[in-house]
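What follows is a short report on a single structure.
For the numbers below, each heavy atom of this structure counts, side chains included, while hydrogens, waters and symmetry mates do not.
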Amino acid sequence: MSVTTDLELIQKMWFGNPEEALEAVQAAATLGFGVALHNETAADEEDPTVITEQWVVEIYPEVPAAAPESA
């Protein structure tokens with residue numbers, strides 16, 4: 001599923017591990033914000049030849065609607 005982003009993005013945060021990202025998701029959800037979580041790869045800041053995985057948390061004023069992916 002993909003997330004429709006008709007809502008205004010309040011904040012976007014990047015984390016190096018899933019545990020920290022999940023902590024941010026839980027905190028935002030507890031406060032009543034909408035949250036989207038996904039991971040992506042990026043070049044390492046210190047060594048551009050190394051690819052690292054990042055966890056991205058997006059915070060919205062309410063829960064974003066999900067759109068089913070086409071088959």
Rounded to the nearest 0.5 Å, how far does [atom2] of [Y] lie from [atom1] of [X]?
X	Y	atom1	atom2	result
Glu58	Met13	CD	CE	9.5 Å
Leu9	Tyr60	CG	OH	5.0 Å
Glu40	Gln54	CD	CD	5.5 Å

Would you be so kind as to tabulate the donor-acceptor pairs closer than 3.5 Å made by side chains of residues 46-53, with sequence neighbours excluded?
{"from": "Asp47", "atom 1": "OD1", "to": "Thr49", "atom 2": "N", "distance (Å)": "3.2"}
{"from": "Asp47", "atom 1": "OD1", "to": "Thr49", "atom 2": "OG1", "distance (Å)": "2.6"}
{"from": "Asp47", "atom 1": "OD2", "to": "Thr49", "atom 2": "OG1", "distance (Å)": "3.3"}
{"from": "Thr52", "atom 1": "OG1", "to": "Ala42", "atom 2": "O", "distance (Å)": "3.3"}
{"from": "Glu53", "atom 1": "OE2", "to": "Asn39", "atom 2": "ND2", "distance (Å)": "2.5"}

Open item on the list: Under the rule for side chain to side chain contact (heavy atoms under 4.5 Å, CB included), what residues qualify as partners of Ala21, not counting sequence neighbours?
Closed with: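 By the side chain to side chain contact (heavy atoms under 4.5 Å, CB included) rule, Ala21 matches Phe15, Leu37, Trp55, Val57.
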TODO: Among Ile, Leu, Val, Met, Phe, Trp and Tyr joined by side-chain contacts under 4.5 Å, find the other residues sharing a cluster with Trp14 and list them by chain and number.
DONE: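 When side chains under 4.5 Å apart are linked, the cluster holding Trp14 also contains Val56.
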Task: Pro61 versus Ile10, closest heavy-atom pair with distance - done: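 Between these two residues, the closest heavy atoms are N-CD1, 3.5 Å.
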